[in-house]
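The structure appears right after this line, and notes come after that.
What you are looking at is a predicted structure, and each value in this text was computed from that prediction instead of being measured. Per chain, numbering begins at 1; letters A, B, ... match sequence-line order.
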Amino acid sequence: MDTVVASPRLYSLGRYPAWVMTDRPLRLRFAPSPTGFFHVGGARTALYNWAIAQREGGTFVLRIEDTDEARNQPEWTQGIIDALAWIGISSDDEHFEGPYFQSTYADAHIAAATRLYEAGAAYYCDLTGDEVQERAKANGKPGYDGYSRDRGLEAGPGRVLRFRVPEGTTIVHDLVRGEVSFDNFNIEDFVLLRGNGSPMFLLANVVDDITMRISHVVRAEEHLPNTPKQQMLWNALGVEPPVWAHVPVLVNEQRKKLSKRRDKVAVEQYRAEGFLADGMVNYLMTLGWAPSGDTEIVPWSRVVTDFRLEDVNHSPAFFDLKKLSAFNAEYIRALSLDAFIEACAPFLLAPDVPWNPEHFNPVVFTAMAPLAQTRVTRLDEVVAMVDFLFLVEPPIDEAAFTKTMGGPNARELLSEVIAAYGTAEWEHEALKETLEAIGEGYQLKLGKAQAPIRVAVTGRTVGPPLFESLVLLGRDETLRRLQAALQRAGATPG
RNA sequence: GGCCCCAUCGUCUAGUGGCCUAGGACACUACCCUCUCAAGGUAGCGGCACGGGUUCGAAUCCCGUUGGGGCUGCCA
């Protein structure tokens, strides 16, 4: 049995009203439904819960809310677990508990509903959805009008069980928003059990939270309107409600809530594109919150010590891919060379790589790695950065070729370089000085002179430093590509 | 429509009545460095939505306006 008491440090700043105090063991939960890829918004909520659980010695409960038969797929459940582990929320950690599956608690949900019915806190209603709407229309007030409140209906096929919302006001105590007050007059008698007897989200969610002894419900703001209903349920079930905390939603450029349909929200996808978990975690934490001090790039250990729900911002936060990328690039650069090389491996050895896998040379890549590390924002970019080293015929960018080879002296310069590189010491300083000298003969600075060589060898105008690249490519291959480019230039009129 | 939430540079934020001439980060611009591109360095651009109060003093407190968002299912 868990006997740990929520650390007073959670409320240590001394400016909190009595209602945030609870002497229940600190137990938080993250309760996603497995209806698709793992959402970045969900990841942030999970991280907020996780940070608190770790600092306060509390428990993070993972509960999979798999009660929507139509939309649930088992593979999404594993996806959630894997994605959580990727961002550091791992079942190996002592603060982690679960996963539990909501579908296995249906009996408890129904039992709770029955208790509510027997206590008179809920009643059955035989109106169909359409009928409810018709009445609402006739009443001029949206929602269910309490038609069956006093009809004394028994349970029966097609009859839903509705909660009898009491008169009065429901005040929700929220750690990020303070007191939020709802007039019960505006809350309809909501459905607990469907016509087929299955429990609804509101009920299942509350019953599970009670069963799992959840002390703090930290979730996205979109649930705030549900909260008075759930709080009434806690009370009706005879349990003191938890401490609530509703964190702002994540929005897109149009300032709409991030949606699976419109926006790129899958954590798995970011991972596949070469975003680092640490960078992702760090960025996600700064959406609605900032660590103290004047840098936002902080290790998770700092997040754990600094993060406070009470400091979370109240307004929606824009999920900015540019800033995420900047964080990611910074985290990539902070990697040790070995770690960087290791992190690149999955991308270099992927099946969709443009070169023949047999031509990939890890030694060559290792030599190129430090030059690539400061030049990529995501790990998957490394492929295009080094492809010319492993491709037999790197594709030539047409525009780049005409631009750099079109100059009056390009072909002459190229042949001179070919001649000189045939005998030059194959070392980057020597290669550089050789080209520099040849360029001078044409009044070209190195910056200009290197362009046609680069395009001839790599197919592009931009890329890693040229002479190091040539060294790695080798004399023979370099010469071969320079020759090919010369021929190609000769074949082009002008 | 109703209920609820929110409002500091373009964006994420610091700020909890005097340390604010409002700080940092991303983005953007310029310059330096430089074999391209990056990285790095320096500088710059840019904000308290508006209107009323309260106060000696307000980005910070109150009210209103405007603007945004969330919810409004026998989905979760």
Side-chain angles (χ1 to χ4, degrees), chain A residues 15 31-35 65-72 102 125 127-129 132-133 140-143 158-162 172 174 176-177 180-183 185-188 190-198 200-202 204-205 220-228 246 248-249 251 253-257 283 286-297 311 313-320 322-327 329-330 333 371-377 385 404 428 431-432 435-436 439 445-451 453-455 458 460-468:
Chain A
R15 51 190 166 95
S33 55
T35 55
E65 304 217 323
D66 55 346
T67 50
D68 183 343
E69 331 75 21
R71 291 193 301 158
N72 284 314
Q102 185 158 71
C125 174
L127 253 34
T128 65
V132 169
Q133 276 195 6
K141 188 191 175 198
R159 291 181 179 175
V160 299
L161 183 69
R162 285 180 180 273
V172 169
D174 190 294
V176 348
R177 275 150 222 288
V180 186
S181 145
F182 299 84
D183 188 336
F185 175 77
N186 294 310
I187 302 175
E188 64 175 329
F190 52 95
V191 175
L192 262 19
L193 255 29
R194 299 188 183 89
N196 65 7
S198 65
M200 292 281 292
F201 156 75
L202 247 18
N205 191 261
E221 191 197 344
E222 64 207 67
H223 290 289
L224 189 52
N226 289 149
T227 309
H246 289 91
V249 293
V251 297
E253 212 146 15
Q254 286 73 242
R255 307 225 54 100
K256 300 284 188 203
K257 191 175 77 165
Y283 176 66
T286 66
L287 256 19
W289 175 79
S292 58
D294 59 5
T295 174
E296 294 174 312
I297 304 280
D311 296 337
N313 246 48
H314 296 186
S315 9
F318 170 50
F319 184 83
D320 186 356
K322 276 197 180 147
K323 190 158 179 179
L324 201 215
S325 300
F327 270 53
E330 189 134 341
R333 280 178 245 125
L371 302 175
Q373 191 170 2
T374 56
R375 288 175 171 76
V376 293
T377 293
M385 181 103 356
T404 52
H428 81 96
L431 294 175
K432 178 180 173 187
L435 179 63
E436 214 161 14
K445 294 198 167 185
L446 231 205
K448 287 284 186 192
Q450 60 90 40
I453 312 299
R454 178 183 294 279
V455 172
T458 71
R460 307 189 186 94
T461 54
V462 301
L466 181 62
F467 305 108
E468 284 86 345

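- Side-chain contact between D174(A) and L224(A): present, with at least one pair of heavy atoms (C-beta onward) separated by less than 4.5 Å.
- Within 4.0 Å (heavy atoms only), G293(A) reaches no atom of the nucleic acid at all.
- At a threshold of 4.0 angstrom between heavy atoms, the contacts of A317(A) are confined to the sugar-phosphate backbone, with no base atom among them.
- In this structure, P316(A) reaches the sugar-phosphate backbone alone: every heavy-atom distance under 4.0 Å involves primed, P, OP1 or OP2 atoms, never a base.
- Distance from the side chain of D311(A) is smallest for U16(B) among the nucleotides U16(B), C74(B), U36(B).
- Among the atoms of the strands shown, base atoms are found under 4.0 Å from some heavy atom of G195(A).
- With the nearest nucleotide of RNA chain B identified for both P465(A) and D183(A), D183(A) has the one nearer the 5' end.
- At C12(B), one or more side-chain N or O atoms of R255(A) fall inside 4.0 Å of OP1 or OP2 (strictly under the cut-off).
- Remark: P of C35(B) and CG of L446(A) are 6 Å apart, rounded to the nearest angstrom.
- Counting to the nearest Å, the P atom of U36(B) and the NZ atom of K432(A) are 9 Å from each other.
- Contact check, N186(A) against G2(B): no side-chain N or O comes under 4.0 Å of OP1 or OP2.
- For A14(B), the OP1/OP2 oxygens have a side-chain nitrogen or oxygen of N313(A) closer than 4.0 Å.
- Residue F182(A) is in sugar-phosphate contact alone, with no base atom involved, counting any heavy-atom pair closer than 4.0 Å across all strands shown.
- Contacts of L287(A) with the nucleic acid, taken as non-hydrogen atoms under 4.0 Å apart, involve only primed sugar atoms and P, OP1 or OP2.
- The CD atom of E221(A) sits 13 Å away from the P atom of G69(B) (whole-angstrom rounding).
- If you check the side chains of R194(A) and S198(A), you find a donor sitting under 3.5 Å from an acceptor.
- Checked by atom type and distance alone, the side chain of H223(A) never pairs as donor or acceptor with a backbone atom of H246(A) at under 3.5 Å.
- Across all strands, R454(A) comes closer than 4.0 Å to base atoms (heavy-atom distances).
- When distances run from any side-chain atom of L224(A) to the nucleotides C35(B), C5(B), A76(B), the shortest one goes to C5(B).
- Going from atom CD of E468(A) over to atom C1' of U34(B) covers 12 Å, rounded to whole Å.
- Taking 3.5 Å as the limit, the base of C37(B) and the side chain of R375(A) contain a donor-acceptor pair of atoms between them.
- Computed from coordinates, the K322(A) NZ to C9(B) P distance equals 18 Å when rounded to whole Å.
- A donor and an acceptor atom never sit less than 3.5 Å apart when one is taken from the side chain of K323(A) and the other from the base of A27(B).
- Which of G40(B), A76(B), C6(B) sits closest to the side chain of R333(A) comes down to G40(B).
- Electrostatic pairing of K141(A) and E188(A) does not count as a salt bridge here, judged by no charged N lying under 4.0 Å from a carboxylate O.
- Base pairing annotation: A39(B) forms no Watson-Crick or G-U wobble pair, as no partner gives both donor-acceptor distances under 3.5 Å.
- Here the separation of A58(B) from A14(B), taken at their P atoms, is 23 Å to the nearest Å.
- Contacts of P464(A) with the nucleic acid, taken as non-hydrogen atoms under 4.0 Å apart, include base atoms.
- To the nearest 0.5 angstrom, E436(A) atom CD is 6.0 Å from K432(A) atom NZ.
- Atom CG in L466(A) sits 11.5 Å away from atom CG in L371(A) (nearest 0.5 Å).
- The CD atom of E253(A) sits 12.5 Å away from the CZ atom of F319(A) when rounded to the nearest 0.5 Å.
- Within 4.0 Å (heavy atoms only), E65(A) reaches sugar-phosphate atoms of the nucleic acid but no base atom.
- Note on K256(A): only backbone sugar-phosphate atoms sit closer than 4.0 angstrom, heavy atoms only; bases stay farther off.
- To the nearest whole angstrom, the two C1' atoms, one in C9(B) and one in G46(B), are 5 Å apart.
- L161(A) comes within 4.0 angstrom of no nucleic acid atom, judged by non-hydrogen atoms across all strands.
- Protein atom OH of Y283(A) is 8 Å distant from nucleotide atom C1' of U11(B), rounded to whole Å.
- For the C1' atoms, the distance linking A49(B) with U66(B) amounts to 8 Å, nearest Å.
- Atom CZ in R460(A) sits about 12 Å away from atom C1' in C37(B), given to the nearest Å.
- Separation of the C1' atoms belonging to U8(B) and A59(B) is 7 Å when rounded to the nearest angstrom.
- Contacts of H223(A) with the nucleic acid, taken as non-hydrogen atoms under 4.0 Å apart, include base atoms.
- Within 4.0 Å (heavy atoms only), S315(A) reaches sugar-phosphate atoms of the nucleic acid but no base atom.
- Residue V180(A) is classed as a sugar-phosphate contact, given heavy-atom separations below 4.0 Å to backbone atoms only.
- Of the side-chain N and O atoms in T35(A), none sit less than 4.0 angstrom from OP1 or OP2 of A76(B).
- Rounded to whole Å, the distance from CH2 on W289(A) to C1' on G15(B) is 16 Å.
- Sparse packing is recorded around NZ of K445(A), with 12 or fewer heavy atoms of other residues, nucleotides or ligands lying under 6.0 Å away.
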